[in-house]
Amino acid sequence: MANTRNQQQSMRRALRRDVPATVGLLVDEQDFTAMRRYRSFTFTDHPDYLHQVEKLLRTLSARSGHTTVAVFDPEDFAHYCTETGLDPDSSTSRSRYTAEIAASGATVAYTGQPLDHLVPLLVSRSVRQATWEYATAVLSGIGTCADCGEDIGRAAFDRAAQQLLSLIDTAGTGTHHLVCSIPAAGEQLLAVLHISTGQDTPAVLDSTEGAEFATVLAVGIALEGPGGVVLRTSAPETPDRLRGWRLHHGRLAPLTEGEVFSAYCTDAETGEPLSPEPGVEYRAGFDLGDPPDTPSHH
């Protein structure tokens, strides 16, 4: 009888190790304060809350193995409870919401890192996903061209991907840091891409980052509005090189060396000149060529 109980307990422990754990985290004081309106949320101090979460993460990681952390958004949680008919003042509702956001939202795997390292990464991933989702919604909502019937959003994404590939192919060797900035309906969409290219090796980039970058660039192409891309290239024993492009009629047009210098060495808010960054060369953007078969859409 005792052996049977021990075997059952051992099997349950083995099953627990195969079950992933997820924690919804209130990343800042403002979100924490918003949750304090619920009586079932008993924490009163955000630093102490973070300390207790960190202890919980260590315990779950030791018991369950794979543990992930997701951003717990009080405003989105309240909306979720309204839609599903759940009581927001309930730990069960918080648990269900955490499971939902972990399935579809941005998460970070807990590997023992301190929260002051984990939180910035989690926030960054959440912002990236929100940007991607917003940009995708913009492209999907544009519709078809009145002249040719082509899906404008899909065509813009194809053009953006072509322009990005051309930029990567022409950038040369080194570690490249690209930033795409597109204003859209009162939002400033930003996408970042990191690429490493060796002398005899092809470019190495993250496929998700690449898709996000192309999607944001596609919004600017589809709307035929302002926006641009900047490129910073680093290589051993050489100064960093900065280049830039602006969107013009749905394509990336290179900035001159003077325009790149002015963009980097002018305060965006005051218009006052800034000192050039030491050890940096400001260079003109290179021509990316015209994407083939790219008529204007209406």
Side-chain angles (χ1 to χ4, degrees), residues 104-106 123-172 176-197 202-233 242-255 259-260 263 268 284-298:
S104 58
V123 172
S124 174
R125 287 191 181 176
S126 297
V127 171
R128 279 175 50 193
Q129 176 152 332
T131 300
W132 191 2
E133 290 174 352
Y134 179 82
T136 301
V138 170
L139 293 177
S140 300
I142 293 175
T144 58
C145 176
D147 292 337
C148 67
E150 186 174 18
D151 186 302
I152 296 175
R154 182 179 296 276
F157 182 85
D158 291 341
R159 292 175 66 181
Q162 291 167 358
Q163 293 270 279
L164 177 58
L165 290 175
S166 179
L167 197 157
I168 293 172
D169 289 341
T170 317
H176 307 294
H177 177 80
L178 293 100
V179 178
C180 179
S181 177
I182 304 292
E187 299 285 342
Q188 189 68 30
L189 304 182
L190 288 173
V192 177
L193 181 61
H194 300 88
I195 308 165
S196 295
T197 307
V204 177
L205 70 155
D206 183 275
S207 59
T208 300
E209 278 191 2
E212 291 170 355
F213 193 96
T215 303
V216 170
L217 178 57
V219 170
I221 292 174
L223 299 178
E224 294 193 352
V229 171
V230 293
L231 166 66
R232 185 181 189 122
T233 300
L242 294 176
R243 294 182 171 90
W245 294 259
R246 71 162 63 88
L247 271 174
H248 181 67
H249 295 305
R251 64 178 292 270
L252 289 175
L255 298 177
E259 288 172 327
V260 174
F286 38 79
D287 186 17
L288 301 177
D290 290 316
D293 300 324
T294 55
S296 295
H297 293 290
H298 303 283

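What you see is a predicted model; the values in this text were computed from it and never measured. Computed over heavy atoms, backbone and side chain alike; hydrogens, waters and symmetry mates excluded.
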Taking all non-hydrogen atoms of both residues into account, name the closest pair between Leu164 and Gly210 and its distance. CD2-O, 4.0 Å
Would you call the rings of His194 and His177 parallel, tilted or perpendicular, where under 30° means parallel and over 60° means perpendicular? tilted
Partner residues of His248 under the ring-ring contact (aromatic ring centres under 6.0 Å, His included) criterion, sequence neighbours left out: none
Crowded around Arg154 CZ? As in, over 12 foreign heavy atoms under 6.0 Å? no
Donor-acceptor pair, side chain of Thr215 and main chain of Thr136, under 3.5 angstrom: no
Side chains of Leu252 and Leu217 in contact at under 4.5 Å (non-hydrogen atoms): yes
Expected output: side-chain Arg159 to main-chain Gly250 donor-acceptor under 3.5 Å: yes
With sequence neighbours excluded, tell me which residues meet side-chain contact (heavy atoms from CB on, under 4.5 Å) with Ala161. none
Apply side chain to side chain donor-acceptor pair (under 3.5 Å) to Thr233 and list each qualifying residue two or more places apart in sequence or on a separate chain. His176
Closest heavy-atom pair and its distance - Pro226, Leu247: O-CD1, 4.3 Å
Taking only residues two or more places apart in sequence, or in another chain, which ones meet Arg246 in a side chain to side chain donor-acceptor pair (under 3.5 Å)? Glu259
The side-chain contact (heavy atoms from CB on, under 4.5 Å) partners of Leu190 (sequence neighbours excluded) come to Val179, Ser181
Which residues pass the side-chain contact (heavy atoms from CB on, under 4.5 Å) test with Arg125, not counting sequence neighbours? Ala106, Val108, Leu121
Suppose the criterion is salt bridge (charged side-chain N to carboxylate O under 4.0 Å, His left out): which pairs have a residue in residues 131-141, not counting sequence neighbours? none
side-chain contact (heavy atoms from CB on, under 4.5 Å) with Ala211: which residues, sequence neighbours excluded? Trp132
